[in-house]
Amino acid sequence: FPPVGAFIQSFEWGEFQRTLGRPVWRFFINNGAGPIAAFTLIRFNLLFGLKYGYSPRGPVLALAAQRGKQLTEIFTALRYWAAKNLSGYVFWRLEPPLKDKPDSLSLSGGFVFPSYYIQPRSNLAVFLAGSEEEILASFHSSTRSNVARARRRGVTVEEVAPSPALEEEFFQMSHDTADRNGGQNIYPGRAYFDSFFKTIPVASATSDPGKLALKIYLGRVDGRPAAMHAVLFFGTTATYIYGAGYRQMLPSKVTTYLHWQALLDAKKRGCTYYDLGGIDEAKWPSLTAFKRQFKGEEFTYCGNIDLPLRPAIYRWYNIFR
């Protein structure tokens, strides 16, 4: 599994996308000896009956296929396959988990590299090797101090199961979080979360690491709900994906403590990384600074690789986008 973002190519995430009304297909790319890559294709609708395909963090590539001639052959095969099977699409957006844009794509022709991106280009993930004390010691001094401060201020963390009451609590927290962001709502809509909490299986001690699973961590201050984090487990990585909290509870450092407890849980479950999510100094300066205090490893991917299938409409799409 790629260390960051692999969950978006999981079967369970595809089923979640189906519940949002998005058709989903899954494919392997074979070289005669077996599969060397795989991708999920999600169809999104545009105005006027137009549509495009999206393979977030895909295709996922075998290690031997991530460079050189085989990589060129894979993208050449994808181009021919799309021309035959996706002729009604405006474009197909790929996001392979590669550090650099493949130079070899110029040999295949037809691919475009947009300046914008959909998934974060960079994520920060904490490597979970070493003891609990060694991981804590690797953090910035202020983060270590905040973990200790949370304990002194009565912060506790518990795992909770999805329920209508829990979802309502999360939405109250998200409204408060949006107010702190000057009224800017950074969250998907209610229908999205209704489906998210109902569709993604809840993680258990016996969960298969090859299947996506969800855990929700609720932080309390003196027994009162203060903040909540949703964490996805897949492969060897636990990924923080959504969080929210009440403004008046933030001085307790409950947010830092939630990450710390989820990180320790991920370590106990045998994960290699705890992914704190996207970082971007230009878009999210304060959030990026907060995450970097955990002193994790930064993973940067090449971003979108688009294959225009109706080039004139694709150009207009980018203008109006």
Side-chain angles (χ1 to χ4, degrees), residues 120 122-128 130-160 166-187 214-233 237-269 271 273-281 283-298:
S122 297
N123 280 50
L124 188 144
V126 177
F127 189 47
L128 300 180
S131 66
E132 175 180 331
E133 292 75 18
E134 288 170 333
I135 294 173
L136 184 63
S138 71
F139 296 166
H140 189 278
S141 60
S142 64
T143 300
R144 296 197 304 270
S145 174
N146 288 341
V147 170
R149 188 178 304 174
R151 293 192 185 111
R152 292 196 303 270
R153 295 185 177 183
V155 175
T156 59
V157 173
E158 61 182 297
E159 294 178 28
V160 289
L166 183 78
E167 189 175 336
E168 183 59 37
E169 188 80 64
F170 177 82
F171 268 90
Q172 293 300 320
M173 292 178 179
S174 70
H175 293 323
D176 198 305
T177 303
D179 288 341
R180 294 200 310 275
N181 291 333
Q184 181 183 7
N185 182 22
I186 59 174
Y187 299 94
L214 168 70
K215 278 196 175 188
I216 303 171
Y217 300 89
L218 176 63
R220 296 180 183 273
V221 177
D222 296 329
R224 294 181 296 164
M228 200 181 305
H229 284 179
V231 177
L232 294 173
F233 291 80
T237 300
T239 303
Y240 163 70
I241 185 167
Y242 297 115
Y246 292 123
R247 183 199 315 245
Q248 68 270 24
M249 299 294 193
L250 295 184
S252 68
K253 306 305 176 184
V254 61
T255 300
T256 299
Y257 201 63
L258 276 168
H259 280 305
W260 173 239
Q261 291 298 315
L263 181 154
L264 292 180
D265 190 29
K267 179 176 172 59
K268 290 175 184 176
R269 293 175 64 85
C271 290
Y273 285 101
Y274 177 74
D275 181 6
L276 284 143
I279 56 173
D280 188 315
E281 287 182 350
K283 285 187 173 183
W284 318 306
S286 59
L287 185 62
T288 298
F290 168 76
K291 292 180 179 181
R292 280 180 168 161
Q293 290 181 334
F294 285 85
K295 299 292 186 179
E297 184 176 349
E298 296 187 16

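If you read the sequence from its start, that first residue is 1, and numbering goes on from there. Note that these values count all heavy atoms, side chains included, but never hydrogens, waters or copies made by symmetry. No experiment lies behind these values; they were computed from the predicted model shown.
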Measuring from Phe294:CZ to Leu276:CG, what's the distance to the nearest 0.5 Å? 5.5 Å
Working to the nearest 0.5 Å, report the span between CD of Glu134 and CG of Leu128. 12.5 Å
Taking ring-ring contact (aromatic ring centres under 6.0 Å, His included) as the test, write out the residues that go with Tyr246, two or more places apart. none
How close do [X] and [Y] get, counting heavy atoms only, and between which atoms?
| X | Y | result |
| --- | --- | --- |
| Ala238 | Val231 | CB-CG1, 3.9 Å |
| Asp280 | Thr288 | N-OG1, 2.8 Å |
| Leu214 | Ala230 | CD1-CB, 4.0 Å |
| Trp284 | Gly278 | CZ3-C, 3.8 Å |
| Met228 | Leu258 | N-CD1, 3.9 Å |
| Cys271 | Phe233 | SG-CD2, 3.9 Å |

Is [Y] close to [X] at the side-chain level, that is, under 4.5 Å between some pair of heavy atoms?
| X | Y | answer |
| --- | --- | --- |
| Lys283 | Pro120 | no |
| His229 | Thr255 | yes |
| His259 | Phe290 | yes |
| Asp176 | Gln248 | yes |

Classify the ring geometry between Phe170 and Tyr187 as parallel (under 30°), tilted (30 to 60°) or perpendicular (over 60°). perpendicular
The ring pair (Phe, Tyr, Trp, His ring centres under 6.0 Å) partner of Trp260 among Tyr274, Tyr240, Phe139 is Phe139
With sequence neighbours left out, what residues match Arg144 under salt bridge (Lys or Arg N to Asp or Glu O under 4.0 Å)? none
Kindly write out the residues that satisfy salt bridge (Lys or Arg N to Asp or Glu O under 4.0 Å) with Glu169, not counting sequence neighbours, or none if the list is empty. none
Is [X] reaching over with its side chain to a backbone N or O of [Y], donor-acceptor style, under 3.5 angstrom?
| X | Y | answer |
| --- | --- | --- |
| Ser174 | Ala244 | no |
| Ser145 | Ser141 | no |
| Lys267 | Ser131 | no |
| Ser252 | Ala150 | no |

Using the test side-chain contact (heavy atoms from CB on, under 4.5 Å), find all partners of Thr237 that sit at least two apart in sequence or belong to another chain. Thr239, Tyr273, Asp275
In residues 217-226, what donor-acceptor pairs under 3.5 Å come from side-chain atoms, sequence neighbours left out?
| residue | atom | partner | partner atom | Å |
| --- | --- | --- | --- | --- |
| Tyr217 | OH | Asp265 | OD2 | 2.5 |
| Arg220 | NE | Glu158 | OE2 | 2.5 |
| Arg220 | NH1 | Gly223 | O | 3.1 |
| Arg220 | NH2 | Glu158 | OE2 | 3.4 |

Tell me, which pairs form a salt bridge (charged side-chain N to carboxylate O under 4.0 Å, His left out) where one or both residues lie in residues 288-298, sequence neighbours left out? Glu281-Arg292, Arg292-Glu298
